[in-house]
Amino acid sequence: MAQNQLKALCDPTRLKILALLAEEPLTNTELYDKLEKEGIFYRESVFKALEKLKNAGLVKRSHVEKIGYKYALTFTTLQLSRKLFIITK
């Protein structure tokens, strides 16, 4: 795993975003609405977190007609070390 990916995982907001995206692809607004219920009140922080995850190669963005951009995970299994894995559906 690259250092930028590890750095991207060192933030509670980004980890919450990954957990939500493990369930289904979501738009920026859908993510914000879900995260707002957990105490994240700034759209800009969600956008910055998504950009950091995208730049680290952990999330991809694709355009969906009439909806906008949806974000999804780029992995099904993420190896953090030889013994520690994050496995998504």
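The structure displayed is predicted, hence computed values, not measured ones.
- Under the side-chain hydrogen bond (donor to acceptor under 3.5 Å, both in side chains) criterion, Tyr71 pairs with no residue at all, not counting sequence neighbours.
- Of the residues Leu58, Leu18, Leu53, the one that meets the side-chain contact (heavy atoms from CB on, under 4.5 Å) test with Leu73 is Leu18.
- Clustering of Ile, Leu, Val, Met, Phe, Trp and Tyr by side-chain heavy atoms under 4.5 Å joins Val64 with Ile67.
- For Glu38, the salt bridge (Lys or Arg N to Asp or Glu O under 4.0 Å) partners two or more places apart in sequence, or in a different chain, are Lys16.
- Scored by the side-chain hydrogen bond (donor to acceptor under 3.5 Å, both in side chains) test, Thr27 finds Glu30 as partners (sequence neighbours excluded).
- Between Leu6 and Cys10, the shortest heavy-atom distance links the atoms O-SG, 3.1 Å.
- For residues 40-67, no pair satisfies side-chain hydrogen bond (donor to acceptor under 3.5 Å, both in side chains), with sequence neighbours left out.
- Here the closest heavy-atom approach between residue Tyr32 and residue Ile40 is recorded as CE1-O, 3.8 Å.
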Q: Check the pair Leu26, Ile17 against side-chain contact (heavy atoms from CB on, under 4.5 Å), reporting the backbone distance first and the verdict last.
A: CA-CA 10 Å; Leu26 297 166; Ile17 288 171; over 6 Å; no
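- Taking CG from Asp33 and CG from Asn28, the interatomic distance works out to 9.5 Å, rounded to the nearest 0.5 Å.
- Annotation for Lys7 and Arg14: closest pair O-NH2, 3.2 Å, computed over non-hydrogen atoms.
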